[in-house]
J.: 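Would you mind keeping the following structure in view while I ask a few things?
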Amino acid sequence: MHIKHFVLSNDGHIHEFSSERAFKVANGLDTVPELADAHVRYVQVQFEEQGNDEPMQVVTAGALVDFDSEGRIVDIGAVAPGNMPITPFEQETCIQLALSEVDFEPSDVSNERH
């Protein structure tokens with residue numbers, strides 16, 4: 001299982017964090033100075049590469065995250081309608097970014113023209 005972590009900042013940027021850094025930030029062991037005093041949306045994308053006969057499984061989750069003046073997490077809350085929701089476009093963008101490094105094998109379908 002692969003897990004990718006994305007933060008959607010209010011200035012329109014998408015920040016990707018490694019699982020190690022996301023763990024450290026979430027547990028107060030690291031700061032994110034560039035997100036100091038920010039109220040942002042977090043998207044987690046989990047996916048598992050399957051065999052050729054099975055479709056890839058992709059699951060997303062989201063949260064709202066508040067950072068203090070030093071870039072430490074002070075609050076994590078649920079995303080809800082009217083509460084800075086993650087748009088379908090943003091969610092799909094995070095999925096595409098997460099899957100951009102996956103090495104898809106060519107299918108058995110021939111592209112020959114007759």
J.: Can you confirm whether Arg41 sits close enough to Glu90 that some side-chain heavy atom of one is under 4.5 Å from a side-chain heavy atom of the other?
T.: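 Touching, per the 4.5 Å side-chain cut-off.
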J.: Would a 4.5 Å heavy-atom cut-off, applied to side chains only, mark Met56 and Leu99 as touching?
T.: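 Met56 vs Leu99: side chains touch.
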J.: Does NE2 in His2 sit with more than 12 non-hydrogen atoms of other residues, nucleotides or ligands closer than 6.0 Å?
T.: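 Atom NE2 in His2 is packed in, count exceeds 12.
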J.: State which residues pass side-chain hydrogen bond (donor to acceptor under 3.5 Å, both in side chains) with Thr93; sequence neighbours excluded, sorted by chain then number.
T.: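 For Thr93 there are no side-chain hydrogen bond (donor to acceptor under 3.5 Å, both in side chains) partners, ignoring immediate neighbours.
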J.: Do Cys94 and Ile86 pass the side-chain contact (heavy atoms from CB on, under 4.5 Å) test, and can you show the C-alpha distance, the side-chain angles, and the key distance before you say yes or no?
T.: CA-CA 11 Å; Cys94 291; Ile86 297 165; over 6 Å; no
J.: Can you tell me how far apart CZ (Phe17) and CG (Asp30) are? Round to the nearest 0.5 Å.
T.: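 Spacing of CZ (Phe17) from CG (Asp30) equals 9.0 Å.
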J.: Group every Ile, Leu, Val, Met, Phe, Trp and Tyr by side-chain heavy-atom contacts under 4.5 Å, then state whether Ile76 and Leu35 land in the same group.
T.: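 Hydrophobic grouping puts Ile76 with Leu35.
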J.: Show the atom names and distances, to 0.1 Å, of all donor-acceptor pairs under 3.5 Å that link a side chain in residues 62-71 to residues at least two apart or in another chain.
T.:
residue: Asp66; atom: OD1; partner: His39; partner atom: ND1; Å: 2.1
residue: Asp68; atom: OD1; partner: Glu70; partner atom: N; Å: 2.9
residue: Asp68; atom: OD1; partner: Gly71; partner atom: N; Å: 3.0
residue: Asp68; atom: OD1; partner: Arg72; partner atom: N; Å: 2.8
residue: Glu70; atom: OE1; partner: Arg72; partner atom: NH1; Å: 3.3

J.: Shortest non-hydrogen contact from Leu8 to Val40?
T.: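 That closest heavy-atom pairing would be O-CB, 3.5 Å.
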J.: Could you tell me whether the side chains of Gln46 and Glu48 share a donor-acceptor contact shorter than 3.5 Å?
T.: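 Side chains of Gln46 and Glu48: no pair found under 3.5 Å.
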J.: Between Val7 and Ile14, is there a side-chain heavy-atom distance shorter than 4.5 Å?
T.: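 Result no, sub-4.5 Å side-chain heavy-atom pair not found.
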J.: If you round to the nearest 0.5 Å, how far is CG of Leu29 from CD of Glu20?
T.: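 Here the interatomic distance stands at 10.5 Å.
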J.: Would you check if His15 and His13 make a side-chain contact, meaning some heavy-atom pair closer than 4.5 Å?
T.: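 Heavy-atom side-chain distance check passes, below 4.5 Å.
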J.: Considering only heavy atoms from C-beta outward, does the side chain of Phe47 approach that of Met1 to under 4.5 Å?
T.: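 Side chain of Phe47 against side chain of Met1, heavy atoms only: no contact under 4.5 Å found.
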J.: Can you tell me how far apart OG (Ser19) and NZ (Lys24) are? Round to the nearest 0.5 Å.
T.: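 That separation rounds to 12.5 Å.
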J.: Given side chains that start at C-beta, do those of Leu97 and Lys4 come closer than 4.5 Å, heavy atoms only?
T.: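 No. Closest side-chain heavy atoms not under 4.5 Å.
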J.: Does some side-chain heavy atom of Val45 sit less than 4.5 Å from a side-chain heavy atom of Ile3?
T.: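 Counting from C-beta outward, Ile3 and Val45 never come under 4.5 Å.
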